[in-house]
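Before any comments, here is the structure.
Keep in mind it's a predicted model, so treat the numbers as computed, not measured. Chain identifiers are assigned alphabetically (A, B, ...) following the order of the sequence lines, protein sequences preceding nucleic acid strands; residue numbering begins at 1 within each chain.
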Amino acid sequence: MFSTESLRIAVSGLIANRLRSALTMLGILIGVGAVIILVAVGNGSSRTVQKRIESLGTNTLTVFRGSFGRGRGGRAFVGTQSRQSQLSLGDVTALQNKANAPDVASASPVVNATVTATYQGASYSPQAFVGTAPTYFTARAFTVAEGRFFDQSDYDSRARVVVLGQTVVGQLFGTQDPVGATVQVNGVNFAVIGVTAKKGSNGPQDQDDVALAPLTTVQDHLTGVGSLNQILVQAASRKQTTAAQDEVTSLLLARHRIADPTQADFSVLNQATLLQTSAATNRVFTVLLGAVAAISLLVGGIGVMNIMLVTVTERTREIGIRKAIGARRRDILSQFLIEAVLLCVAGGVAGVGAGLAGSHFKIVGVHPAVVPYSVALAFGVAVAVGLFFGIYPANRAASLRPIDALRYE
Amino acid sequence: MAAPPVISLSRVTKVYDAGRLSVHAVRGISLVIERGDYVAIMGSSGSGKTTLMNIIGCLDVATSGRYLLDGVDVRRLDDERLAAVRNRKIGFVFQSFNLIPRTTALHNVELPLIYAGQRGPERRRRASAALSTVGLGSRMHHLPSELSGGQQQRAAIARAIVTNPAIILADEPTGNLDSVSTQDVLGVFDQVNAEGRTVVLITHEPDVANHAKRVVQLRDGQVMEDVRQAPVDGLPPRHRARTQQGVA
Ligand SMILES: Nc1ncnc2c1ncn2[C@@H]1O[C@H](COP(=O)(O)OP(=O)(O)OP(=O)(O)O)[C@@H](O)[C@H]1O
Ligand SMILES: [Mg+2]
C-alpha cells in the first residue's frame, strides 16, 4: 500500500525524531557526495593527463636515443652499449623520404640545450631550449600568438632567431612586447621573432616554459654538432601512427645496422599508445576511488538499518495498536519501508547537491569533472540501499503478532 | 433459522509457556454471546479475563477449543482477513488507552478508517462525528499528552466505534479513571449498546457491572457464575436518554 497516507505516517515518524533522522541522512549524504566527488576527481585527473598528452600532438612518435625503459635519451644507458648510440640528421632525412616511410608526414630533429637567457638584466633558464626544424611547430601543435615562427630560410641561413613560450616571455619581458627584441642566450645574441600561443600548464610540466630556435643555429652556437637528442616524427594521420612506428623502427634499425630489434639503440614512443595506457590507468584509478566511496555509502546504509531497527523496537507498542485496529502486514511494512527509503532519498538528494557543489573546488590539484552517470548511480544506489536495509526492520515490524507488540514494554 | 450468535466459544483453553512451567490461563470456557448483549466479565486478578478478551478480539489465538465469530471459525482466517475483522467487526478499548503518541485525537480516530481504505472528507466527517458522540468534539485537535485520562479513554472509545463495528470489547476501560470520568465512559457504552451493538467489558467494580445486562464471573480460567440482569433485546439497565451530557 503506497498511498499518501503511508507517506504521511512515515514523514511524521521521521519528524518526530528530527536529530536522529538528520544524522542518519548525513551518512547517506556523505556516501553519495563522496561517490560523486571522487569519481569526478578520477575523471578530472584522467582528462588532465589526456589533455597534456594530446597537447604533445596525438599523431606523433618520438624517437629517443637508447632503449626506452632504461632511461630516456641514452642518459642512463647501461648494459650492451658498446657503440655510441646516435641519432643523426641523416636519420631525419631518411625518415622524411616518402619512399622509405609513406606514413610519415614529417620528421623534425631535436636537440636540447641547457641555457640561461638574459634581457636587460633579467635572466631566466627555460625548462626547455629546443633546437629544431620548422616542421616541429606543426607536429607539436604550436600556434603563433605574436610575430612568426622561424622558417626553412632561417634554418638554412643559420639565423640567430628564437621563438619564446609565454612563460619565458613573462620572466624576461614582463609586460613589454618581446617581438623584435634581442636576448642573450648563454651570451649569444638571438632576435625574438615570435611568441607561441599559451598551451596551459597541465600538471608539473609547463608547456609554455620553452624557447625554440633553428637546429643549425643552436648547434653552431650552443651545443656543438653531435647526436640529436630526439627525432619528432609526425604520422600522416592518427590512424597511421602504428604503421609509421613500424616504418621508423625498421628504417632506423637498417640504418644503424642492427639485426636484432631487441638490441635497438633507440626507442620509439608512440603518443597514442601512451594515451591508451594512461586512459586505462585512469579508469582503474577512477574505479578504485568510486569503490572507496561506495563503501562509505554502504556504511551509511548500515546506519539506516541500525536506526530503523531502533525505531521499530521503540515503536513496537505503536505497531501493536495499529495492528489491533486493523492495520495489515503490508500497511506496517510499507510504513517502515517508506520511512527508510525517505531517509535515503533525502540524504541522496542532499548528497547530490553536496557532490555537485564540492566538484567546483580544486581537489589535490585536480579540477573534478562530474560524470553524469555517477550522479544517477549514486542516487539510485542510495534509494536501493534504503530499500535493502529497510526491508529487514520493516519486515520485522510487520511480522509482530499484535498481542506480543501490545505487551512489549 | 436465526442468525448465529455473534460470539460463540466452546471449551476454549489458553496455555502460556513460561519457561519450564506452563500457565493454564483459560481452562475450557464455553460462552455464547448474542447480538445486542451487554456483558460484564468479572473475576479476581489472574483469573484469565484479559486472556479471554484477547482471544475474543482476535489479538491472540486459543490453544484449543473453538471460537466462532458470526458463525465463522477464526482459525480459518488468514492474516489479511484477521486484520479486516479487527478493523471492521471489532472495536477494542484498552485499559491503558493506547492512543498513538504525537498524533492528534482526530488522527487517532481516523486511523481505523485509513486502514479500511476510506479517504477524503468523509473520513474526517466520520471521525469527528465519533469524537462528538463521546463528547470530545472540542478537543479533537489535541495530542494525547494534552488530554486527561478520561478524555484519552473517550478518544480511544471513539476510535473503537468509528468503523461501526458490531462488537465493542473493553478491557477495564474505567480502571484508570475517577468516578466522574467513569460515568462519562459508561454513558458512551450504554449509548452504543442501545444502538444495538454488542458490548463486552471487563471490570472489577460492581458499579460498572451494574450497567451490563449480563455478568460473567471467572475464577481460575473457568466460568463460575453467569447472571442475566436484563433482557438481551431491551435497553441497558442504567441507560438514560442521551442529553448533552459530558461535553468536556
Ligand atoms: N504472556 C503471558 N505469559 C505467561 N503467562 C501469562 C501471560 N499473560 C498472562 N499470563 C498468566 O495468565 C494468567 C491470566 O492472566 P490474565 O492477564 O488473563 O489475568 P486477568 O484476569 O486479566 O488479571 P487482571 O485482573 O489482573 O488483569 C495469569 O496467571 C498470568 O500470570
Ligand atoms: Mg487483565
> Any donor-acceptor pair under 3.5 Å linking the side chain of B:Ser181 with the backbone of B:Leu177?
Replying inline: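 No.
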> Ignoring hydrogens and geometry, is there a side-chain-to-backbone donor-acceptor pair from B:Arg35 to B:Thr198 under 3.5 Å?
Replying inline: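 Such a contact is absent between B:Arg35 side chain and B:Thr198 backbone.
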Applying a heavy-atom distance below 4.5 Å, give me the residues of [range] that approach chain A, sorted by number.
range	answer
residues 43-56 of chain B	B:Asn54
residues 159-167 of chain B	B:Arg159
residues 92-110 of chain B	B:Phe94, B:Ser96, B:Asn98, B:Leu99, B:Ile100, B:Arg102, B:His107

>> Within the 4.5 Å heavy-atom criterion, are B:His24 and B:Ser22 side-chain neighbours or not?
In response: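 Result yes, sub-4.5 Å side-chain heavy-atom pair found.
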>> Let's go through B:Thr13 and B:Thr63 carefully: what are the C-alpha distance in whole Å and the side-chain angles of both, what is the deciding distance for side chain to side chain donor-acceptor pair (under 3.5 Å) to 0.1 Å, and is it a yes or a no?
In response: CA-CA 6 Å; B:Thr13 69; B:Thr63 309; 4.7 Å; no
>> Does any backbone or side-chain atom of B:Arg81 lie under 4.5 Å from a heavy atom of chain A? Answer side chain, backbone, both or neither.
In response: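 When you check distances to chain A, no heavy atom of B:Arg81 falls under 4.5 Å.
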> Could you name the residues of residues 300-325 of chain A that have a heavy atom within less than 4.5 Å of a heavy atom in chain B?
Replying inline: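 Expected list: A:Arg317, A:Glu318, A:Ile321, A:Arg322, A:Lys323, A:Ala324, A:Ile325.
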Check [X] against [Y] and note the closest heavy-atom contact, atom names and distance.
X	Y	answer
A:Ser21	A:Leu343	O-CD2, 3.5 Å
A:Ala294	A:Val35	N-CG2, 3.9 Å
A:Gly326	A:Asp331	O-OD2, 4.4 Å

Lys/Arg-Asp/Glu bridge criterion (N-O < 4.0 Å) met for [X], [Y]:
X	Y	answer
B:Lys14	B:Asp60	yes
B:Glu146	B:Arg139	no
B:Arg27	B:Asp220	no

>> Using a 4.5 angstrom heavy-atom cutoff, name the option from B:Leu82, B:Ile90, B:Leu111 with the most pairs to chain A.
In response: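 Looking at each of B:Leu82, B:Ile90, B:Leu111 in turn, B:Leu111 comes out on top.
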>> Which residue is it: B:Arg125, B:Arg124, B:Arg126, B:Gln118? I am looking for the one with a side-chain hydrogen bond (donor to acceptor under 3.5 Å, both in side chains) to B:Glu122.
In response: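 By the side-chain hydrogen bond (donor to acceptor under 3.5 Å, both in side chains) criterion, B:Glu122 pairs with just one of B:Arg125, B:Arg124, B:Arg126, B:Gln118: B:Arg125.
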>> If you count heavy-atom pairs within less than 4.5 Å of chain B, which of A:Ile403, A:Asp404, A:Leu406 leads?
In response: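 Among the listed options, the one with the most contacts to chain B is A:Ile403.
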Can you tell me how far [atom2] of [Y] sits from [atom1] of [X], rounded to the nearest 0.5 angstrom?
X	Y	atom1	atom2	value
B:Asp78	A:Arg329	CG	CZ	12.0 Å
A:Glu339	A:Asn17	CD	CG	8.0 Å
A:Phe379	A:Ser374	CZ	OG	13.5 Å
A:Leu337	A:Phe388	CG	CZ	12.5 Å

> Considering the options B:Asp171, B:Leu218, B:Leu169, B:Leu201, which one meets the side-chain contact (heavy atoms from CB on, under 4.5 Å) requirement together with B:Ile41?
Replying inline: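 Of the listed options, the one satisfying the test is B:Leu218.
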>> Out of the candidates B:Asp70, B:Val72, B:Val74, B:Leu77, only one should pair with B:Val85 under the side-chain contact (heavy atoms from CB on, under 4.5 Å) rule; please name it.
In response: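 Of B:Asp70, B:Val72, B:Val74, B:Leu77, side-chain contact (heavy atoms from CB on, under 4.5 Å) with B:Val85 is met by B:Leu77 alone.
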> After noting the C-alpha distance and the side-chain angles of A:Arg283 and A:Asn43, does the key distance pass the side chain to side chain donor-acceptor pair (under 3.5 Å) rule?
Replying inline: CA-CA 8 Å; A:Arg283 252 196 307 280; A:Asn43 184 43; over 6 Å; no
